[in-house]
Structure formats: C-alpha cells, structure tokens
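To start, the structure itself, in structure tokens.
As the structure is a prediction and not an experimental result, all values here were calculated from the model.
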Amino acid sequence: FTIGSMLADLLDSDPQFAVRTSRMFPTQVIGTTTTSSLHERVNMANYWNADYFISIHSNSNANPLVNGSEVYVFRRGSRAWYMGEAVLQGIVESAGTKDNLVRVNPSLYVLRATRMPAILVELGYLSNPQDAEKLRNDPYSFAYGIYIGLLSYFNL
C-alpha cells in the first residue's frame, strides 16, 4: 500500500468525498518522462473536472538533518493555501513531523496548470533517518493526517 492509496481508501469510505487517482497501483508508470508524467496527471485532473488536486510526495535533501512536512501552493491566500494549512496541520498532528509551513512555488507545473485548487504535499524527508522511519513504519499516520486536514478544511 502507498500513502496515496491509503488516503484514497479513507476518502472513498467517506460518502462526503468522491476520489479519482492518477495511478491505480504504486508501480504504474504514467508518461515516458517526468515532464510527460506531470502533463498527463494535470490533463487527467482537468478532464475529470476535479474540485481539488492533491499531489503527494516524499522529499530529500543533501543535508540529512533537514526534516519535516511542507505543502506547496501556487498563491498565498488562495483556497489551496488554506487547504494546505489544514492538511499540513493534520499531518503534523497525526504523524508527528515538523511543520515546515505552507510555501508558495508557482513554478511547479501541477500547481500552475491545474484548473482547480491544487496542493503538493511533501510528507517528509527520505534523507532524514527519523522521517524515513515514520514514512516506512507508519504510513497510515500520514494518510490519516491528510484526511483529517481535509475534514477540517471542509468543516466536516
């Protein structure tokens, strides 16, 4: 199971949400390059007329001391910004990672090319031993953190 599939299962089991995922299983490859993969995911979300787009990742840094979770958005003060704040708070509370804040990065393709509010979630750093252990040994806490963050954002 991946954190994305765990989150999809949580959301699917809640009648308040309808979920579509770009990958049906973790090893599925979309596109032939990173660029074509990103284009395909954005095209899928736009075609689906999704209300929101959530992209889930794990980070890395040359410095193994760098750790924590962060969320990237296209614009400060947007609906995505506030959703990102709620999701990040949920992850920090559930998984126990450091809060690295919601950050603006309009150069990220999935944030600027989607027609709906979009967030890119960096769960933790694979290069940090403590974050990597949490991601490996308790992935559910990250999925659940995103889920409770969404419930909070939507006041559910």
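A distance of 9.5 Å separates CG in L120 from CD in E70, rounded to the nearest 0.5 Å. Annotation: the span from T32 atom OG1 to E40 atom CD amounts to 10.5 Å, rounded to 0.5 Å. In this structure, CG on L10 lies 11.5 Å from CD1 on I3, to the nearest 0.5 angstrom. Note that the CG atom of L123 and the CD1 atom of I146 stand 5.5 Å from one another [nearest 0.5 Å].
For N46 (side chain) and A113 (main-chain N/O), a donor-acceptor pair under 3.5 Å exists by modelled atom type. Proximity of a side-chain donor or acceptor of S94 to a complementary backbone N or O of I91 within less than 3.5 Å is not detected. Side chain of D131 to backbone of L126: no donor-acceptor contact under 3.5 angstrom is found. Under the 3.5 Å distance criterion, the side-chain polar atoms of N67 are matched with a main-chain donor or acceptor of L65. S127 places a side-chain N or O within donor-acceptor distance of the main-chain N or O of N61, the cut-off being under 3.5 Å. Although no hydrogens or angles enter the test, the distance criterion places a donor-acceptor pair under 3.5 Å between the side chain of T114 and the main chain of V110.
With a 4.5 Å cut-off on side-chain heavy atoms, R75 and V104 do not count as touching. In this structure, the side chains of S69 and L88 come closer than 4.5 Å at one or more pairs of heavy atoms. Contact annotation: the side chain of V87 never approaches that of I54 to less than 4.5 Å [non-hydrogen atoms, C-beta and beyond]. Residues F17 and Y147 form a side-chain contact, since some pair of their non-hydrogen atoms from C-beta on lies under 4.5 Å apart. In this structure, the side chains of L156 and D14 stay at 4.5 Å or more apart for every pair of heavy atoms.
Residues K134 and A95 come closest through the heavy atom pair CD-O, 3.5 Å.
With no hydrogens or angles considered, no side-chain donor-acceptor pair links E122 and N100 at under 3.5 Å. Of the N and O atoms on the side chains of Y153 and Q89, not one donor lies less than 3.5 Å from an acceptor on the other residue.
By the rule that hydrophobic residues join a cluster once side-chain heavy atoms approach within less than 4.5 Å of another member, W81 and F53 end up as members of separate clusters. Tracing side-chain contacts under 4.5 Å through hydrophobic residues (I, L, V, M, F, W, Y), one never reaches F74 starting from Y82; they form parts of separate clusters. In the hydrophobic clustering of ILVMFWY residues, with side-chain heavy atoms under 4.5 Å counting as a link, V102 and L111 come out apart. Under the 4.5 Å side-chain contact rule for hydrophobic residues, V71 and L101 do not share a cluster. In the hydrophobic clustering of ILVMFWY residues, with side-chain heavy atoms under 4.5 Å counting as a link, Y52 and Y72 come out apart.
Contacts of S22 classified as side-chain hydrogen bond (donor to acceptor under 3.5 Å, both in side chains), with partners at least two apart in sequence or in another chain: R41.
Taking the six-membered ring where tryptophan is involved, the planes of Y109 and H39 are tilted, since the angle between them lies from 30° to 60°. Ring pair Y140/Y144 is parallel by interplanar angle, where below 30° counts as parallel and above 60° as perpendicular.
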